[in-house]
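The block underneath contains the structure these notes are about, expressed in structure tokens.
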Amino acid sequence: MSAITIRAMRMEDYEEVEAFLAVHFFKQEPLMLIPQEDPRQSEVIPAEAELHRSLIPQDLSLVAVDGQRIVGVALAGEQVPEDLEREYQEAEHKEVACLLDKIHKFLAGIERQANIFEHYGVERALYLYMLGVDTSVRRQRVGTRLVEATIELGRQRGYSVVTSTCTNMNSRRLMTALHMECVLSKDYADYKDEHGQIVLRASEPHTSASVLAIRL
């Protein structure tokens, strides 16, 4: 096996990155495994894939590669204060049609409430949107190396803060081990519909989302 290295994500990686995330993120992320009445509601919507594509040109995303094969992905992009309100309003007014819509609505709310820009007194931040690692190389510190490299990239690009919203216990443990601060944590059980029913019935121990950040 070749040594696993980390490099910048390129536009020509897009198709492989999407195929990778379909298997090693969306089929592993605990929130995406919450059963839905209609299994089609768990599918990844085209708007999600387009978001991924839009991040790559910012040159802030990374891949871990073993030879020519991608074994880890860190999708990241710049975030500014206006993004919090815009994404919150979009999520609030969008008709919830699938599981990802439910997740986005919850996360937009907690990120707006945490408001890392007010918390740290900054006008921009490097936002780590998604972290995925090939199941065949788990426990080889690939995820840790990707986050460390993202933090270092943020430092090189002049960001004062790197932030991420962890949706499961595994990612939270990884990032807190790298001295990222928990700005706000909220239980999924608090997210209820108009009938008082819990929207995201997450399983233990992945029962909350946390906004984490580190000042550089």
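Bear in mind that the values here come from a model prediction, so they are computed numbers and not experimental data.
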- Walk me through it: do Glu43 and Arg40 pass the test salt bridge (charged side-chain N to carboxylate O under 4.0 Å, His left out)? CA-CA 5 Å; Glu43 295 176 357; Arg40 290 174 299 181; 6.0 Å; no
- Begin from the C-alpha positions of Asp83 and Arg112 and carry the test salt bridge (charged side-chain N to carboxylate O under 4.0 Å, His left out) through to its verdict. CA-CA 9 Å; Asp83 292 333; Arg112 179 177 183 249; over 6 Å; no
- Message: Applying side-chain hydrogen bond (donor to acceptor under 3.5 Å, both in side chains) to Ser42 and Gln36, what does each step give before you reach the verdict?
- Response: CA-CA 7 Å; Ser42 298; Gln36 302 296 294; 5.2 Å; no
- Message: Evaluate Glu181 against Tyr120 for side-chain contact (heavy atoms from CB on, under 4.5 Å), listing each step before the verdict.
- Response: CA-CA 11 Å; Glu181 170 195 11; Tyr120 290 102; 2.5 Å; yes
- Task: Output, in order, the C-alpha distance, side-chain angles, deciding distance and verdict of side-chain hydrogen bond (donor to acceptor under 3.5 Å, both in side chains) for Glu48 and His52.
- Result: CA-CA 6 Å; Glu48 182 71 19; His52 302 170; 2.9 Å; yes
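Judged by distance alone, the side chain of Asp134 and the main-chain N or O of Ser136 form a donor-acceptor pair under 3.5 Å. The closest donor-acceptor contact from the side chain of Thr144 to the backbone of Arg141 lies at 3.5 Å or more, if one exists at all. When atom types are taken as modelled, the side chain of His206 and the backbone of Met169 share a donor-acceptor pair closer than 3.5 angstrom. With hydrogens and angles disregarded, no donor-acceptor distance shorter than 3.5 Å links the side chain of Thr163 to the backbone of Ala213. Using a distance-only test at 3.5 Å, with no hydrogens or angles considered, no donor-acceptor pair links the side chain of Ser210 to the main chain of Cys166.
Closest heavy-atom contact between Asp187 and Ser208: OD1-CB, 3.5 Å. Among all heavy-atom pairs drawn from Val133 and Arg138, the shortest one is O-NH2, 2.9 Å.
Here the side chains of Ile110 and Val211 are in contact, with some heavy-atom distance below 4.5 Å. Contact check for Asn168 versus Leu31: no side-chain heavy atoms found under the 4.5 Å cut-off. Using a 4.5 Å heavy-atom threshold, the side chains of Val161 and Leu216 count as separate. With a 4.5 Å cut-off on side-chain heavy atoms, Lys102 and Gln41 count as touching. Here the side chains of Tyr127 and Val162 are not in contact, with every heavy-atom distance at 4.5 Å or above. Looking at heavy atoms from C-beta onward, Met9 lies out of side-chain contact with Gln58 at the 4.5 angstrom threshold. Using a 4.5 Å cut-off on side-chain heavy atoms (C-beta onward), His119 and Asn115 make no contact. At a threshold of 4.5 Å between non-hydrogen side-chain atoms, the residues Lys186 and Gln113 count as touching.
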Can you list, pair by pair, the side-chain donor-acceptor contacts under 3.5 Å of residues 88-100, counting residues two or more places apart and other chains?
residue	atom	partner	partner atom	Å
Gln89	NE2	Glu85	OE2	2.7
His93	ND1	Gln89	O	2.8
Lys94	NZ	Asp101	OD1	3.0
Lys94	NZ	Asp101	OD2	3.0

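For His104, the ring-ring contact (aromatic ring centres under 6.0 Å, His included) criterion is met by no residue, not counting sequence neighbours. Residues satisfying the side-chain contact (heavy atoms from CB on, under 4.5 Å) criterion with Phe25, sequence neighbours excluded, are Leu21, Glu29, Met130. Here Tyr188 pairs with Phe106 under the ring-ring contact (aromatic ring centres under 6.0 Å, His included) rule; sequence neighbours left out.
Salt bridge absent: Asp59 and Arg10 never bring a charged side-chain N and a carboxylate O closer than 4.0 Å.
The salt bridge (Lys or Arg N to Asp or Glu O under 4.0 Å) pairs that include a residue from residues 116-126 are Glu78-Arg124, where partners are two or more places apart or lie in different chains. Residue pairs meeting the salt bridge (Lys or Arg N to Asp or Glu O under 4.0 Å) criterion with at least one partner in residues 188-211, sequence neighbours excluded, are absent.
Geometrically, Arg53 engages Tyr14 in a cation-pi contact, judged by NZ or CZ lying under 6.0 Å from the ring centre and within 45° of the ring axis.
No more than 12 heavy atoms of other residues, nucleotides or ligands sit less than 6.0 Å from atom CD of Gln68.
Each of Ile70, Thr5, Leu146, Ile6 was compared with Val63 under the side-chain contact (heavy atoms from CB on, under 4.5 Å) criterion, and only Ile70 meets it.
In this structure, Val23 is not a member of the same hydrophobic cluster as Val71, with clusters built from ILVMFWY side-chain heavy atoms closer than 4.5 Å.
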